[in-house]
There are 2 protein chains.
Amino acid sequence: MENPKSTAGITDIETFQNLAPESRTVLARGLRYFEYQKGSLVLEKGRRVSGAYVVASGQLRVFTISPDGNEATLYLINPGETCVLALNCIFNDLLYPAWVEAGATTRIAVIPGTEFRMLFEREPKIRNMTVQAFSTIVFRLMAELEDVHSSKLDQRLARFLLLHASTDGKVQMTQQEIASHLGTTREVIARSLRQLASAGHIQTGRNRIVINDPRKLAESVGGR
Amino acid sequence: MENPKSTAGITDIETFQNLAPESRTVLARGLRYFEYQKGSLVLEKGRRVSGAYVVASGQLRVFTISPDGNEATLYLINPGETCVLALNCIFNDLLYPAWVEAGATTRIAVIPGTEFRMLFEREPKIRNMTVQAFSTIVFRLMAELEDVHSSKLDQRLARFLLLHASTDGKVQMTQQEIASHLGTTREVIARSLRQLASAGHIQTGRNRIVINDPRKLAESVGGR
DNA sequence: TCCGATCTGTAACAAATGCTACAGAACGTC
DNA sequence: GACGTTCTGTAGCATTTGTTACAGATCGGA
């Protein structure tokens with residue numbers, strides 16, 4: 001919990017706008033905001049969750065940690081999105097099943113479980129958001145699983161780079177960070193990057209990778 | 001679509017019992033049943049889905065196929081459960097993103113999308129079932145992803161055997177079937193089974209594996 | 001400018017999984 | 001009983017990923 005940097009609020013999100021007055025009262029009841037610096041741990045695996053987490057600004061990274069300490073990103077939660085696993089925990093009284101950290105400076109709104117359930121029953125928009133959140137995560141998890149089962153790491157890396165590159169083709173990350181997203185080791189990433197670099201697809205640098213031609217790189221990945 | 005073998009109906013499922021008369025009328029409108037033999041393809045990747053699929057009896061297997069033809073099971077859908085991906089497709093007008101086959105002789109009820117949406121808005125029980133279905137699948141997908149990232153195949157196999165064994169410790173499957181669930185090759189499964197057999201944990205046979213002592217096997221898997 | 005911390009590049013070797021090829025065993029059908 | 005099909009067991013080799021160990025490059029702060 002850090003000092004207030006952002007003023008993004010839950011009413012910036014369309015779902016929470018124009019609610020019935022009663023629903024607005026319910027929403028305001030118990031609503032709290034939390035701020036996190038990049039890299040801060042937001043939720044620990046095995047812990048009880050107290051409410052629905054909605055990202056007002058920034059980004060959350062949900063990840064798993066293997067016995068030897070390797071991290072693998074399960075999915076990312078962007079502004080306007082809610083953390084499905086937290087929803088799941090409040091609907092079913094479960095413990096949180098993964099780790100969550102702030103992938104950037106992040107501001108989240110937490111709606112207590114009881115209040116969220118009320119809103120869910122009363123407001124079609126909240127229901128739609130909930131189903132949407134679940135739908136989105138199911139698809140992301142499925143895509144990740146398919147990726148892991150169907151692709152070699154080289155392909156997964158190339159796709160990761162394409163997905164996370166800014167408009168000028170830059171990926172501002174260390175090799176270790178990339179490894180932590182893909183669930184592998186830094187050295188393997190380095191080796192794979194070397195191949196991409198010698199093929200002319202990318203240029204490597206400290207904390208940065210530049211994609212020379214995204215289209216050619218995408219073509220080189222081939223079908224999944 | 002095979003000849004009627006089962007009479008299991010959607011009203012055998014608690015969620016669909018005691019609905020309001022109007023909802024019952026909506027439900028009956030357009031509701032259809034389909035029967036499948038084990039191994040029959042139920043849904044193809046990339047196809048449009050017309051409704052909500054509810055398993056009345058049997059079991060569905062949702063799986064992915066890699067470019068070289070390796071199958072990997074994403075999750076199973078049991079009686080009383082609904083296919084979340086189909087729900088997702090009717091809520092969002094998407095194409096079906098995976099393959100589905102009958103894991104046993106299966107009878108499913110299909111509720112057209114329009115009718116299902118009406119029921120979702122009117123019936124708290126249908127909403128709960130929907131959220132429950134999404135919740136269950138999210139957890140299963142997450143567990144599978146964590147397994148893939150955190151465990152060697154030997155561990156995954158042992159866990160798979162423990163999970164699918166009948167009460168007398170028998171797993172009635174071919175090695176190829178197991179391989180298709182775990183996203184690997186039959187030979188790798190055979191090699192791994194040989195190790196488990198020589199350690200005294202299991203006995204192999206044609207179409208069958210017998211776990212000698214489930215508790216010892218579970219211990220040998222160790223932490224994830 | 002110097003220094004410490006962190007990141008990158010690389011090599012060698014190990015482990016895990018996949019591929020190819022066979023032989024033999026186990027079934028079910030005629 | 002014979003035969004064809006399918007499954008199991010196995011070996012050898014290939015590929016992919018992981019581990020260990022270093023050296024050098026790059027930053028930021030003092």
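To find a chain, count down the sequence lines: A is the first, B the second, and so on, and within it residues start at 1.
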Nearest whole angstrom, please: distance from the [atom2] of [N] to the [atom1] of [X].
X: A/Leu153; N: D/dT19; atom1: CG; atom2: P; result: 13 Å
X: B/Gln175; N: D/dT10; atom1: CD; atom2: P; result: 10 Å
X: A/His149; N: C/dG18; atom1: NE2; atom2: P; result: 11 Å
X: A/Gln176; N: D/dG18; atom1: CD; atom2: P; result: 12 Å
X: A/Ile178; N: C/dC7; atom1: CD1; atom2: C1'; result: 12 Å
X: B/Asp68; N: D/dT15; atom1: CG; atom2: P; result: 15 Å
X: B/Asp154; N: C/dA16; atom1: CG; atom2: P; result: 8 Å
X: A/Leu157; N: D/dT16; atom1: CG; atom2: P; result: 15 Å

A/Glu144 and A/Arg140 ion-paired at < 4.0 Å: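 Salt bridge flag = no for A/Arg140 with A/Glu144.
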Ion pair A/Glu177/A/Lys38, N-O distance below 4.0 Å: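 Looking at A/Glu177 and A/Lys38, the cut-off is met.
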Residue pairs fulfilling ring pair (Phe, Tyr, Trp, His ring centres under 6.0 Å) with at least one residue in residues 131-153 of chain B, sequence neighbours excluded: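 Applying ring pair (Phe, Tyr, Trp, His ring centres under 6.0 Å) to every pair that reaches into residues 131-153 of chain B, excluding sequence neighbours, yields A/Phe134-B/Phe134.
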Is any side-chain heavy atom of [X] closer than 4.5 Å to a side-chain heavy atom of [Y]?
X: A/Asn78; Y: A/Val55; value: no
X: A/Leu157; Y: A/Leu161; value: yes
X: B/Thr185; Y: B/Asn70; value: yes
X: B/Met173; Y: B/Phe160; value: yes

Heavy-atom pair with the smallest gap, counting every atom of B/Leu95 and B/Gly46: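 What the structure gives for the nearest pair is CD1-O, 3.5 Å.
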Nearest atoms (heavy-atom pairs only) where A/Ile10 meets A/Ala109: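 In terms of heavy atoms, the two residues are closest at CD1-CB, 3.9 Å.
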Residue-level proximity of residues 181-195 of chain B to DNA chain D when a heavy atom falls under 4.0 Å: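 Heavy-atom contacts with DNA chain D come from B/Arg186, B/Glu187, B/Ala190, B/Arg191, B/Arg194.
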Residues which pass side chain to side chain contact (heavy atoms under 4.5 Å, CB included) with B/Asp12, listed by chain and number, not counting sequence neighbours: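 Here the qualifying residues are B/Ala8.
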Axial bend angle, the helix from C/dT1-D/dA30 to C/dC30-D/dG1: five-pair end segments, nearest 10°: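 About 30° separates the two local helix axes.
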Shortest side-chain distance from B/Lys152, nucleotide among C/dC19, D/dT8, C/dT17: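 Among the listed nucleotides, the one closest to the side chain of B/Lys152 is C/dT17.
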Stretch residues 204-211 of chain A: residues that reach within less than 4.0 Å of DNA chain C through a heavy atom: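 Nucleic-acid contacts, sorted: A/Thr204, A/Gly205, A/Arg206, A/Asn207.
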Exercise answer: donor-acceptor pairs, residues 190-202 of chain B side-chain atoms, under 3.5 Å, sequence neighbours excluded:
{"residue": "B/Ser192", "atom": "OG", "partner": "B/Asp154", "partner atom": "OD1", "Å": "2.6"}
{"residue": "B/Ser198", "atom": "OG", "partner": "B/Arg194", "partner atom": "O", "Å": "3.1"}
{"residue": "B/Ser198", "atom": "OG", "partner": "B/Gln195", "partner atom": "O", "Å": "3.1"}

